[in-house]
Amino acid sequence: MPLSFSQLSTYKRCPRRYEFAFVKKIPRQISAGESFGASVHNTLKKWGELEEQTSMPSTLVKDQLRLFVEEKSETDQSALSLEHLFHLWHSSFIVEGYATRVEADIARKRGEELMRQFFDWWSREPRTVLAIEKGFKQEILVAEKRVTISGRFDRVEHVGDAVRVIDYKTTSPRTQDEVDADLQLSIYALAAAEAFGRPCTELILLFIGEDEIVERRTTRNASQLKDAVTQIGFLAERIEEGDYHPTPSVPKCTHCPYRTICDASAV
Ligand code: SF4
């Protein structure tokens, strides 16, 4: 069975939390933050698909289609507007996860500001989309053992002969050091090179906030990728052994959805 990045990261945070979520499969309520993040991802997925559609006509120009293509191109250009992004946001907004209707309405309004920030970022340079919400399975060989990691690219763009992977975040921005050591980005670097047959020269975590958008860029060299493979192998082995020893701490347990049933909780 492939391991998803979400499973690895949950295990890394707290093995007991992994046990609750993926072994015992204890149902839990989606939080407001998770709901908001899912709404943003759904919206930007639709936006990316629109971008892919608008780039199609240039590859389809044929005499007999020229008139149709020109009309479609005009329509599509207007689809890539801030107004249309707002429309996508409102039609993608998930109301589950909020304590009250008022809280959901505040989040919905806040989302408009995030969309404005995203649109401003997106408009800064011409972009060629290669993939949107594309799933992958990456096989990794660790000490003669094969581990398959599954994941999903939010957005992949062409940059010259290479690719750039962009992952959307709605959390507070992380520091550059944290991004440079981020395991998820290492997995993306490994998977992108194989999935697209081109080197992955840029990895970006895009922290979309209502007041600003923070773009943290990083890269991975061969030694960093080797470290990531070792780290994945270590986590996969402990998961296989069924080591679910809890690692409580106030920050981790405060945001853990299982804190009310966990006897090791620090809060
Ligand atoms: S409450 Fe704390 S110790 Fe328990 S599962 Fe959650 S993060 Fe781990």
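In this text, all values refer to a predicted model and were calculated from it rather than measured experimentally. Read the numbers this way: they start at 1 and go in the same order the structure lists the ligands and their atoms.
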Go through the side-chain N and O atoms of Q7 and Y11 and say whether any donor and acceptor fall under 3.5 Å apart. no

Have H90 and R108 got a donor and an acceptor in their side chains that come within less than 3.5 Å? yes

Going by an N to O cut-off under 4.0 Å, is there a salt bridge joining R220 and D180? no

Anything protein N/O/S under 2.8 Å from atom 6 (Fe) of ligand 1? Just list residue and atom, please.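 Listed by chain and number, the atoms are C256 SG.
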
Taking the six-membered ring for Trp, are Y188 and F153 parallel (under 30°), tilted (30 to 60°) or perpendicular (over 60°)?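 Y188 vs F153 ring planes: tilted.
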
Side chain to side chain donor-acceptor pair (under 3.5 Å) pairs, two or more places apart, involving residues 20-29: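 Side chain to side chain donor-acceptor pair (under 3.5 Å) check on residues 20-29 returns R28-E34.
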
Determine, using ring centers only, whether F22 and Y244 are less than 6.0 Å apart.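 Between Y244 and F22, the centre distance exceeds or equals 6.0 Å.
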
